[in-house]
J.: 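First the structure, then my questions, so here it is.
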Amino acid sequence: MRKNRRFFAVMAATALTMGALSACQSQPTETTAVTESTTASETTVAETTAQTKAEETTAAESKGVYTPGTYSATVTGMREMTVSVTFSTDAITDIQIEHEETPGIGAPVCESMPAQILEIQGLGIDSISGATLTSNAVLAGVEDCVSQAGGDIEALKAVKPEVVAEADAEMTTDVVVIGAGGAGMAAAVQASQQGKNVIVIEKSSQMGGNTILSGGAFNAVEDGSEMAKKYEDSVEKHYTQTFNGGDQQAKPELVHILVDQAWSAVDWLKDLGMEFEDTPTTVAGGLWQRGQKPVEPEGTGFFIVYQNYMNSHEGLEVIYNTTAKSLIVEDGIVTGVVCEGKTGNQITVKANGGVVLATGGFGGNVEMRMKALEGTDKWPALDENIKTTNTSNVTGDGIAMAQEVGANLIQMENIQLLPLGDPQTGSLSGNIGHGATSFIFVNKEGKRFTDEGGRRDDMTLGLFKQTDNFMYMIMDSDTYPNGTELNNFGEHINDLVDAGRAYKADTLEELAGMIGVPQDEFLATIEEYNRHCPGGDMEGEPDEFGRTLFTDGEKKNNGINTPPFYAAGRVPTVHHTMGGVEINEKTEVLNTEGNVIPGFYAAGEVTGGIHGTNRLGGNALTETIVFGRIAGEQAAAYTK
Ligand code: ADP
C-alpha cells in the first residue's frame, strides 16, 4: 500500500500561498520564515507582507501541560490516516501524518494544517474548503494525541492565528484571469504559452475550484480514429447528443466549438504531460462512451500539469486568498479588477491585454439559484435542504460582477442536479459509480425507477419521486473485483465500506438485508435487469425504462451477478449551472444589446448557452479547456 510520510516542523504560509499542488511536494523543515509576498510582472506596488503568528498569551497559557513523548491516533479523512504528534513538556514539537489522501485536494491539507498547528501551538484553525473530510480528520487526530499527552484541547482550540493586516497593492500585467479553476487555469496557461505575463486571482487557498472535485472525465472524440470507430462515435454524434440533450436550447455555434475542439484540447493536455486511460468511459448522464478518463483521480490531473507548467515557466502566477470584487471599466473597456486580500486590503490588478472571467457557477449559492428558478417548475424548491456538489468558494461572484458592467445573462434557470450526492454533504465523495454501464439505482422499496444511462435531469427528477428522495446505487464485482480499487474520487471502496458509507456483501440477499430493502423485490429487480445484459435472454432489447446501455465495450458488463456486491445511498444534489454570462465564439462577453464589451472574456461555468437545459456528463471539463483556451488566446491578443 502506498503511504506518504510527511515531516513537519513549522511554517504554513508558504504552503498555503503556493496552493495545493506545490504544497503537496514541499517538505518544509525551516523553523522561521512566515513572509508571504506576491510579485507580479510590472508590479508597481507590491508591498504585501503577511505575518501569521500565535496568539502569544493564550499559547503561553497552554505551555507546560504535556507528558513528553510521541503519541499516535488513527483517523479517517478520505481514507484512513495515522497522525503522530511529538510533545515536549511545553510544546508540540512535531507532527507526522501517514496518509493516502487525494493529491491536490486532501494531501496538501496534511501538510498545511500540521504546519499551522506547530506554528501557532494551537488548534483554532479553519478547515480547508473542498477538503473538509481531510481537515477534520487531521484536527481529530491531533486532538486525540493532545488528549493522550494530557493537554487541554479546549485551551488549544482557543489559540487562533493572528493575522497582521497586509498593505494595499496595485499591479499591472498583460492578462488577468479571475478564478484558478478549470477554465481559468486553461486560459492562463494558454495566454502564457503565447508569451504573455499572466496574473490569476483566486479566492481560495488552492487552485481547482469545482473542477478538481469532479470525476475527471472529458468528453472528446477524434473523427475517424480507431477509438471513434470502435465506439461508433463521431464529432457529429457528440454535437447531436449535446444539442438534443439540452433540449436544443444551447447556442449551436458554441456547441460546435465545444465538440470540434474537444480532441485538440486532449492533445494540448497531453502535451502538458497529462495522461489518460486507453479506454473511454460512459459518465453518468454522458449518453455515450466518449469520456476520456485521466489517470489521476478526480480533476487533479489537470492541476498537476498546470502547476508543473507554472514551476517551469516564468510570468504566470496565481495570487491566492484574494477575492475579485469588481471590474474596472475605462472608456467602455474592461481593464482590470479590484480585489480584496485576505486581511481586507485592496489589491488592484490592471491588464495591458484582456481580462478573463472564470469564477465558475452559482449552484452553491442558495439565494441565487432560488432567484434563477422563480416562475419555473422543473425542479422542486432548491432551498438549503437540497445540498450541492460545489465547493463553498464558488458562489456566482463573477456573474454579479459581469452584470454590473452591463453583461447579458442567459438561461439562468437551467440548473443541473445529479442523483449522486452524498446523503450527508451532497458532495460526490463516496459515489461508487464508475461507468454508467455497470450500475443500477434502486429505491427504498428495492425497485428501479429510471434509465440509469439516461439524462441527468430525467434521473434526478425520477429520484425526487422516490421515498425520502433517496436511492441506492448497486453494482457487482465488474466494478470492484476485490475492494482495493479506487472509485472516481480517489477513495478505496473498502474504506468507504469500513466507514459505513457503502455496503459490501457476498450475496444479493445479504446486501438487501444490509440496506434494508425488501429482499424479494430486490432480487426480482436484479433478475429482470440481468435479462437485458450480455448473456441474458433479452440481450440487446431496451428495458422497461428505455435503458439500452448494458455494456461498456471493452469489458462486456454481464449484469449484477458476481460477488462481491456493493451498494451506496445517494440523494439529489445541485451540481452545475448552465446559465450565465453570454459570450460569442471568441468568448467575448456580450452586453444586453448584444454588443461586445471590449477587453472582457469569460469561460467555463460562469458562462451560459453552451449546454442548454441539461448538460451531458463529461462535457463540463471539455468546456473549461476548450473555451478557457480560447479566452486565454483572445485576451493575450487583445490590444486597446
Ligand atoms: P470552471 O469549471 O468554470 O473553471 P471552477 O469551479 O473549476 O469553474 O473554478 C472557479 C474558480 O473561481 C474557483 O477556484 C473559485 O475559488 C474561484 N473564484 C470564485 N469566485 C471568485 C472571486 N470572486 N475571486 C477570485 N476567485 C474566485
J.: Any non-hydrogen side-chain atom of Leu461 less than 4.5 Å from a side-chain atom of Trp379?
T.: yes
J.: I'd like to know whether Thr613 forms a side chain to side chain donor-acceptor pair (under 3.5 Å) with Lys378, so could you lay out the CA-CA distance, the side-chain angles of the two residues, the decisive distance to 0.1 Å, and finally the verdict.
T.: CA-CA 10 Å; Thr613 54; Lys378 175 166 179 168; 4.7 Å; no
J.: Please lay out, stage by stage, how Asn352 and Thr172 fare under the test side chain to side chain contact (heavy atoms under 4.5 Å, CB included).
T.: CA-CA 7 Å; Asn352 296 322; Thr172 303; 3.6 Å; yes
J.: Report the C-alpha separation of Ile178 and Val355 in whole Å, then their side-chain angles, then the decisive distance to 0.1 Å, and conclude whether the side chain to side chain contact (heavy atoms under 4.5 Å, CB included) test is met.
T.: CA-CA 8 Å; Ile178 310 171; Val355 174; 4.1 Å; yes
J.: What I'd like to find out is whether the side chain of Leu621 reaches to under 4.5 Å of the side chain of Phe302, using heavy atoms alone.
T.: yes
J.: Would you name the heavy atoms of Ile399 and Met412 that are closest together and state the gap between them?
T.: CG2-CE, 4.0 Å
J.: Counting distance only, does the side-chain N/O of Thr624 pair as donor-acceptor with the main-chain N or O of Gly604 below 3.5 Å?
T.: no
J.: Could you walk me through whether Arg629 and Gln261 pass the side chain to side chain donor-acceptor pair (under 3.5 Å) test, one step at a time?
T.: CA-CA 10 Å; Arg629 287 186 67 202; Gln261 298 188 24; over 6 Å; no
J.: Taking side chain as C-beta onward, heavy atoms only, is Leu316 less than 4.5 Å from Val189?
T.: yes
J.: Take atom CD in Gln248; do more than 12 heavy atoms of anything else shown fall under 6.0 Å from it?
T.: yes
J.: For Phe303 and Tyr306, take the angle between the two ring planes, folded into 0 to 90°, and tell me which bin it lands in: parallel under 30, tilted 30 to 60, perpendicular over 60.
T.: perpendicular
J.: Taking atom NZ of Lys371 and atom CG of Asn365, what is their separation to the nearest 0.5 Å?
T.: 11.0 Å
J.: The test is side chain to side chain contact (heavy atoms under 4.5 Å, CB included); show your working for Val334 and Ile597 and say whether it passes.
T.: CA-CA 7 Å; Val334 173; Ile597 302 177; 3.8 Å; yes
J.: For a quick test of reading the model, state the closest non-hydrogen atom pair linking Ala324 to Cys339 and the distance between them.
T.: CA-SG, 3.9 Å
J.: With the side chain counted from C-beta on, respond yes when Arg290 and Tyr231 share a heavy-atom pair under 4.5 Å apart, and no when they do not.
T.: no
J.: State, with a plain yes or no, whether a side-chain heavy atom of Gln292 is found less than 4.5 Å away from one of Met274.
T.: no
J.: Under 4.0 Å between a Lys/Arg side-chain N and an Asp/Glu carboxylate O for Lys640 and Asp331?
T.: no
J.: Would you say Asn619 and Thr242 are linked by a side-chain donor-acceptor pair, where the criterion is simply a distance under 3.5 Å?
T.: yes
J.: Counting N and O atoms only, with roles assigned by atom type, does the side chain of Thr607 sit under 3.5 Å from a partner on the main chain of Ala603, one being a donor and the other an acceptor?
T.: no
J.: For residues 403-410, tabulate all N or O donor-acceptor pairs below 3.5 Å that involve a side-chain atom, not counting sequence neighbours.
T.:
| from | atom 1 | to | atom 2 | distance (Å) |
| --- | --- | --- | --- | --- |
| Asn408 | ND2 | Glu582 | OE1 | 2.8 |

J.: Does the side chain of Val626 reach to within under 4.5 Å of the side chain of Ile257, using non-hydrogen atoms?
T.: yes
J.: Write down the atom of Leu428, the atom of Arg570, and the distance for their closest heavy-atom approach.
T.: O-NH1, 3.9 Å
J.: Glu277 side chain to Thr279 main-chain N or O, any donor-acceptor pair under 3.5 Å?
T.: no
J.: Is Lys237 atom NZ crowded by more than 12 heavy atoms from other residues, nucleotides or ligands, each under 6.0 Å away?
T.: yes
J.: Classify the ring geometry of His576 against His611: parallel below 30°, tilted from 30° to 60°, perpendicular beyond 60°.
T.: perpendicular
J.: Measure the CG-CZ distance between Leu417 and Arg456 for me, rounded to the nearest 0.5 Å.
T.: 11.0 Å
J.: Closest heavy-atom contact between Val198 and Ala191?
T.: CG2-CB, 3.8 Å
J.: Can you tell me if CD on Glu367 sees more than 12 non-hydrogen neighbours from other groups inside 6.0 Å?
T.: no
J.: What distance separates Phe218 CZ from Thr281 OG1, expressed to the nearest 0.5 Å?
T.: 15.0 Å
J.: If we only count heavy atoms from C-beta on, is the Ile333 to Tyr638 side-chain gap below 4.5 Å?
T.: yes
J.: Evaluate the criterion side chain to side chain donor-acceptor pair (under 3.5 Å) for residue pair Glu330 and Thr335; output intermediate values, then yes/no.
T.: CA-CA 7 Å; Glu330 294 167 300; Thr335 57; 2.6 Å; yes
J.: Which distance, rounded to the nearest 0.5 Å, do you find between the CZ of Arg369 and the CG of Asp383?
T.: 7.5 Å
J.: Answer yes or no: is there a donor N or O on one side and an acceptor on the other, between the side chain of Gln416 and the main chain of Arg615, under 3.5 Å?
T.: yes
J.: Regarding Glu452 and Arg547, does a basic nitrogen lie under 4.0 Å from an acidic carboxylate oxygen?
T.: yes
J.: Let me confirm one number: the NE2-OG1 distance from His575 to Thr389, rounded to the nearest 0.5 Å.
T.: 5.0 Å
J.: Give the minimum heavy-atom separation between Ile212 and Glu298, together with the two atoms involved.
T.: O-CB, 3.2 Å
J.: Side chains of Gln634 and Val356: does their closest heavy-atom pair fall under 4.5 Å?
T.: no
J.: To the nearest 0.5 Å, what is the distance between CD (Glu222) and CG (Asp233)?
T.: 11.5 Å
J.: What's the verdict on side chain to side chain contact (heavy atoms under 4.5 Å, CB included) for Leu382 and Leu373, showing C-alpha distance, side-chain angles and the deciding distance?
T.: CA-CA 8 Å; Leu382 298 184; Leu373 289 180; 3.3 Å; yes
J.: Please find the pair of heavy atoms, one from Thr173 and one from Asn197, that lie closest to each other, and give the distance.
T.: OG1-O, 3.1 Å
